[in-house]
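Let me begin by presenting the structure, written as structure tokens, before commenting on it.
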Amino acid sequence: MIIVVAAEKGGVGKSTNAITIACRIKLDGADVVLVDTDTSATAIGWSDIRVQNKIEPPIQVTQNLRQPLPAVIDFAEKYDAVVCDLGAGDYAKMRDLALAADLFLVPTRVGQPDLESTVRLYEAVRSLDGRHKRGRVPLVVAMNATPAAWNNTEDAEARAALEAACPGITILKSSLRDRKVWRDAGKVGRSIYEMPKRDAEKAVAEFEDLFIEALQFANVKETA
């Protein structure tokens with residue numbers, strides 16, 4: 001299984017989602033490798049902190065900045081799952097990895113610049129559909145770091161804007177709220193699944209719903 005997490009611009013939670021997916025799969029007992037193709041090296045930095053803090057289980061993280069596709073295909077034969085943290089706006093790598101992906105996950109925030117960049121990425125990926133083995137790149141959008149207040153309407157408004165701009169777009173019903181535990185986990189080389197329950201319970205429940213929904217769309221069974 002190859003999962004690509006991509007965005008056209010930085011700051012939307014791409015690396016955090018890729019890291020969390022890799023940890024979620026590993027904690028299920030499956031073999032996973034996280035491939036960091038981004039020059040910002042966020043996943044590599046997180047991995048370094050994890051190693052320094054001697055956190056178990058170890059998560060295999062590697063960096064490939066030039067041509068990751070051959071390595072990803074090779075990893076896919078050796079691991080249960082390959083998670084790719086695709087560099088923001090890297091359309092050359094995006095084209096290659098989109099065609100190999102079993103799931104192409106695009107996180108976005110609710111701000112207008114984030115939504116506009118998501119529309120551009122969606123249009124670029126849709127142009128590749130005819131070359132994908134399933135006839136359509138399995139792209140789904142995930143609303144990330146949305147306001148946590150129960151009466152905030154920005155999530156619904158952002159969804160409506162994307163659906164109007166991109167007919168046929170798939171937006172996961174589950175949303176990830178803006179919660180401090182995401183930032184706290186990253187600082188210590190952990191995932192939200194490895195943080196104290198009192199701090200992480202809501203974030204874990206939200207991510208679990210999103211992850212299961214994404215796998216169903218990709219027609220991939222859980223790794224456990």
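- Nearest heavy-atom pair across K133 and A100 is NZ-O, 4.4 Å.
- Remark: F104 engages no residue in a ring pair (Phe, Tyr, Trp, His ring centres under 6.0 Å) (not counting sequence neighbours).
- In this structure, L172 and Q216 have side chains that are not in contact, with every pair of non-hydrogen atoms separated by 4.5 Å or more.
- A salt bridge links D129 to R126: one of the charged nitrogens lies within less than 4.0 Å of a carboxylate oxygen.
- Between L99 and L128, some side-chain heavy-atom pair lies under the 4.5 Å cut-off.
- Checking side-chain atoms of K93 against main-chain N and O of T37 turns up a donor-acceptor pair under 3.5 Å.
- One finds the SG atom of C84 at 11.0 Å from the CG atom of L103 (value rounded to the nearest 0.5 Å).
- By the criterion of side-chain heavy atoms lying less than 4.5 angstrom apart, applied directly or through intervening Ile, Leu, Val, Met, Phe, Trp or Tyr residues, V188 is grouped together with W46 in one hydrophobic cluster.
- Put simply, the residue from D114, D38, D36 that forms a salt bridge (Lys or Arg N to Asp or Glu O under 4.0 Å) with K14 is D38.
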Query raised in the report: Under the side-chain contact (heavy atoms from CB on, under 4.5 Å) criterion, do N17 and N144 qualify, and how do the steps go?
Result: CA-CA 9 Å; N17 273 266; N144 189 60; 3.4 Å; yes
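- One distance of note links CG of L176 with CG of D209; it measures 9.5 Å at 0.5 Å rounding.
- When atom types are taken as modelled, the side chain of T118 and the backbone of T108 share no donor-acceptor pair closer than 3.5 angstrom.
- One finds the CZ atom of R159 at 13.5 Å from the CD atom of E154 (value rounded to the nearest 0.5 Å).
- In this structure the side chain of V106 never reaches within 4.5 angstrom of the side chain of Y122, judged on heavy atoms.
- Scanning both residues, A6 and L86, for their nearest heavy atoms gives CB-CD2, 3.6 Å.
- In this structure P167 satisfies the side-chain contact (heavy atoms from CB on, under 4.5 Å) test with no other residue, sequence neighbours excluded.
- Remark: of the listed residues D90, I2, V4, V4 is the sole one forming a side-chain contact (heavy atoms from CB on, under 4.5 Å) with L97.
- Note that the CG atom of L115 and the CE atom of M143 stand 6.0 Å from one another [nearest 0.5 Å].
- A continuous path of Ile, Leu, Val, Met, Phe, Trp and Tyr side chains, each step under 4.5 Å between heavy atoms, connects V61 with L27, placing both in one hydrophobic cluster.
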Report task. Show your reasoning for whether side-chain contact (heavy atoms from CB on, under 4.5 Å) applies to V35 and V82. Result -> CA-CA 7 Å; V35 181; V82 183; 3.9 Å; yes
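- For Y79, the ring pair (Phe, Tyr, Trp, His ring centres under 6.0 Å) partners at least two apart in sequence or on another chain are F75.
- Atom OG1 of residue T20 and atom CD of residue E194 lie 9.5 Å apart, to the nearest 0.5 angstrom.
- Proximity of a side-chain donor or acceptor of H132 to a complementary backbone N or O of A101 within less than 3.5 Å is detected.
- Residue F217 is not grouped with residue L139 when hydrophobic side chains (ILVMFWY) are merged at heavy-atom distances under 4.5 angstrom, including chains of intermediate members.
- Taking all atoms of both residues into account, the shortest heavy-atom contact from I19 to A43 is CD1-CA, 4.0 Å.
- No side-chain donor-acceptor contact under 3.5 Å links R177 to the backbone of A148.
- Residues E206 and R179 are paired through a salt bridge, judged by an N-O separation under 4.0 Å between the basic side chain and the carboxylate.
- Taking all atoms of both residues into account, the shortest heavy-atom contact from S191 to R50 is N-NH1, 4.4 Å.
- No side-chain heavy atom of K202 sits under 4.5 Å from any side-chain heavy atom of V181.
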Report task. Show your working on side-chain contact (heavy atoms from CB on, under 4.5 Å) between R24 and E208 and close with a plain yes or no. Result -> CA-CA 9 Å; R24 165 63 166 75; E208 192 70 10; 2.6 Å; yes
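- Within the 4.5 Å cutoff, the side chain of V72 has no heavy atoms near those of the N64 side chain.
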Requested in this report: Begin from the C-alpha positions of D80 and M1 and carry the test side-chain contact (heavy atoms from CB on, under 4.5 Å) through to its verdict.
Outcome: CA-CA 6 Å; D80 297 312; M1 172 172 62; over 6 Å; no
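- Using a 4.5 Å cut-off on side-chain heavy atoms (C-beta onward), V51 and K54 make no contact.
- When the side chains of ILVMFWY residues are joined at heavy-atom separations under 4.5 Å, either directly or via intervening members, V119 and V137 end up in a single hydrophobic cluster.
- Residues V32 and L210 fall within the same hydrophobic cluster, defined by Ile, Leu, Val, Met, Phe, Trp and Tyr side chains chained together at heavy-atom separations under 4.5 Å.
- Closest non-hydrogen pair, V12 versus A7, comes out as CG2-CB, 3.5 Å.
- Taking the side chain as every heavy atom from C-beta outward, P147 and D155 never approach each other to under 4.5 Å.
- The backbone N or O of G13 lies less than 3.5 Å from no partner atom in the side chain of T16, so there is not a single donor-acceptor pair.
- Between R183 and D178 there is a salt bridge, since at least one side-chain N of the basic residue sits less than 4.0 Å from a carboxylate O of the acidic one.
- Around the CD atom of E123, the shell of radius 6.0 Å holds more than 12 heavy atoms that belong to other residues, nucleotides or ligands.
- Applying the 6.0 Å contact sphere to CD of E163 captures more than 12 heavy atoms from other residues, nucleotides or ligands.
- Looking only at side-chain heavy atoms (C-beta outward), D184 and M195 come within less than 4.5 Å of each other.
- Closest non-hydrogen pair, K9 versus P113, comes out as CD-O, 3.8 Å.
- The distance from the CD1 atom of I21 to the CG atom of L215 is 8.5 Å, given to the nearest 0.5 Å.
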